Every structure is written in structure tokens, then in C-alpha cells.
Amino acid sequence: LLKEARLQAYLSQQDLPISIPAPLQVNSRGLFAVYPRVAGQSLTAAIVDDFSDVQMEALARAVGGFLSHLHWPNIPKDVASLVPRGETELEEMVVQAQSWIDFINQHAPDYDTTRFTTGWTRFCGSFVQQWTINHGDLNLSNIMLLDDTPRFAIIDFTDAEECDPSMEFS
């Protein structure tokens with residue numbers, strides 16, 4: 001909990017294109033942390049499918065801007081020291097990501113994975129192992145569309161770890 005709370009407290013103070021809820025209260029021994037309720041809704045595939053091109057671009061820019069900051073190596077040492085180093089190597093994640101795409105194709109044939117496959121094929125060969133802090137569980141349910149605003153928030157840094165930034169995309 002200390003890792004998550006300190007990371008979110010640090011990120012919430014940065015000038016980011018996305019909101020990060022700062023903890024309201026954190027026990028100094030990491031026994032509990034209290035976060036504010038985020039006024040918005042978690043994204044779903046159905047919501048994103050209904051996004052206009054402008055909304056989709058806003059989402060991509062917000063998440064991309066956030067990730068470029070999170071993956072930057074200058075996070076303060078007192079925060080970074082709480083984030084454990086991941087054990088999964090890049091090569092393993094490449095295989096796992098491809099298996100996820102294959103699983104979707106096999107079990108949800110109505111869902112078009114062409115964009116995933118095209119993007120994956122285009123970027124896969126350019127991955128180079130690096131070590132940075134990652135969110136660790138970046139998926140639609142952890143990205144929220146805030147009420148009454150075109151702004152997004154990212155929640156749930158429980159699985160944050162130091163690993164290759166390309167693992168966020170896989």
C-alpha cells in the first residue's frame with residue numbers, strides 16, 4: 001500500500017494530461033490507505049467503441065502523455081525505491097501478448113482484432129528491453145472518464161512495478 005499511495009501522491013502533484021487521485025490518508029506502516037471517490041465511470045469496450053475520432057484522440061493523448069511521464073527515469077528515489085522490480089522479461093510478454101490476441105480471435109470471433117494485430121506486427125520488432133516504473137494493470141477498467149469533463153483519470157496502482165514500458169501495451 002505504501003508503494004501505491006506514494007506513487008499516486010507523487011503523480012497527482014505533477015502536471016499530467018490525466019487525473020490521478022491522491023490518497024486522502026495513508027497509514028505510515030502501510031496498513032491502510034484511503035482514496036477519494038472518483039466522479040466518473042470506468043471505460044468499457046462499448047463506451048470506447050462509441051467514441052468519436054476526437055474523443056479517441058483525446059484518450060490516446062492523455063494516456064500516452066501519462067505513460068511518458070510515468071516511464072521517465074526521474075521519479076524521486078524515495079518513491080521509486082518502493083516499486084519492486086518485475087520478473088517477467090520482455091520476450092515472455094511478447095509471447096503472452098500474442099497469445100491474448102489469439103485467445104480473443106478464438107473465443108470472441110465477433111470482436112475485430114485487426115487493429116491490435118496490425119499494431120502489434122508493426123511495433124513488435126522494435127521493442128528493446130528497458131526498466132522503468134509501469135502501472136502494471138493498465139486496462140479500460142482502470143481508466144475512468146470523469147463526469148462532466150472530457151478528462152480521464154487512471155486508478156489502481158497496486159500492481160505497479162519496475163519493468164519494460166512496452167509491457168504496458170501488451
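What you see is a predicted model; the values in this text were computed from it and never measured. What's counted below: heavy atoms across the whole structure, side chains too, no hydrogens, waters or symmetry copies. For reference, positions follow the sequence shown, starting with 1.
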Within this structure, what is the CG-OG1 distance for the pair N134 and T132, rounded to the nearest 0.5 Å?
4.5 Å
Does Q55 use its side chain to pair, donor to acceptor, with the backbone of S52 at less than 3.5 Å?
yes
The criterion is side chain to side chain donor-acceptor pair (under 3.5 Å); which residues satisfy it with D159, sequence neighbours excluded?
none
Output for pair (W100 CH2, Q96 CD), nearest 0.5 Å, gives 3.5 Å
According to a 4.5 Å side-chain heavy-atom criterion applied to Ile, Leu, Val, Met, Phe, Trp and Tyr, with indirect links allowed, do I143 and Y35 form part of one hydrophobic cluster?
no
Test side chain to side chain donor-acceptor pair (under 3.5 Å) applied to S99 - qualifying residues, sequence neighbours left out:
none
When you look at T114 and T117, which way does the side chain to side chain contact (heavy atoms under 4.5 Å, CB included) test go after all the steps?
CA-CA 5 Å; T114 305; T117 305; 5.8 Å; no
Between Q98 and D102, is there a side-chain donor-acceptor contact under 3.5 Å, judged purely by atom types and distance?
yes
By side chain to side chain donor-acceptor pair (under 3.5 Å), D137 pairs with (sequence neighbours left out) N139, N142
Student check: side-chain heavy atoms of L11 and H69 closer than 4.5 Å
yes
I'd like to know if the side chain of S68 and the backbone of G65 have a donor-acceptor N/O pair within less than 3.5 Å.
yes
Would you say K3's side chain and A160's backbone share a donor-acceptor pair under 3.5 angstrom?
yes
Is there a side chain to side chain contact (heavy atoms under 4.5 Å, CB included) between I133 and H71? Walk through the geometry before answering.
CA-CA 6 Å; I133 295 177; H71 296 161; over 6 Å; no
Is P21 close to Q8 at the side-chain level, that is, under 4.5 Å between some pair of heavy atoms?
yes
Point-to-point distance, once rounded to the nearest 0.5 Å, from CD1 of I101 to CG of N105:
7.5 Å
Taking L145 as the starting point, is it possible to reach L140 by hopping between hydrophobic residues whose side chains are less than 4.5 Å apart?
yes
If hydrophobic clusters are built by linking Ile, Leu, Val, Met, Phe, Trp and Tyr wherever their side-chain heavy atoms come under 4.5 Å apart, do L67 and V48 end up in the same one?
yes
Backbone of A9 reached by a side-chain donor or acceptor of S12 within 3.5 Å:
yes
Yes or no on side chain to side chain contact (heavy atoms under 4.5 Å, CB included) for I75 and L70, after CA distance, side-chain angles and deciding distance?
CA-CA 8 Å; I75 290 183; L70 181 64; 4.2 Å; yes
Using the salt bridge (charged side-chain N to carboxylate O under 4.0 Å, His left out) rule, collect all pairs that involve residues 56-85, keeping only residues at least two apart or in two chains.
E57-R61
For L138 and V63: C-alpha separation, side-chain torsions, deciding distance, then whether side chain to side chain contact (heavy atoms under 4.5 Å, CB included) applies.
CA-CA 10 Å; L138 191 59; V63 172; 4.1 Å; yes
Counting only heavy atoms not in F32, do more than 12 sit closer than 6.0 Å to its CZ atom?
yes
Can you tell me which residue pairs pass the ring-ring contact (aromatic ring centres under 6.0 Å, His included) test with a partner in residues 45-67, sequence neighbours excluded?
none
Flag yes if V26 and L1 sit in one hydrophobic cluster, no otherwise; membership is Ile, Leu, Val, Met, Phe, Trp, Tyr, and two members link when side-chain heavy atoms are under 4.5 Å apart.
no
Whether over 12 other heavy atoms sit under 6.0 Å from D53 CG
no
Got a list of side-chain donor-acceptor pairs under 3.5 Å for residues 150-158, not counting sequence neighbours?
{"from": "R151", "atom 1": "NE", "to": "S19", "atom 2": "OG", "distance (Å)": "3.0"}
{"from": "R151", "atom 1": "NH2", "to": "L16", "atom 2": "O", "distance (Å)": "3.0"}
{"from": "R151", "atom 1": "NH2", "to": "I18", "atom 2": "O", "distance (Å)": "3.2"}
{"from": "D156", "atom 1": "OD1", "to": "T158", "atom 2": "N", "distance (Å)": "3.3"}
{"from": "D156", "atom 1": "OD1", "to": "T158", "atom 2": "OG1", "distance (Å)": "2.8"}
{"from": "T158", "atom 1": "OG1", "to": "E4", "atom 2": "OE1", "distance (Å)": "3.1"}
{"from": "T158", "atom 1": "OG1", "to": "E4", "atom 2": "OE2", "distance (Å)": "3.4"}

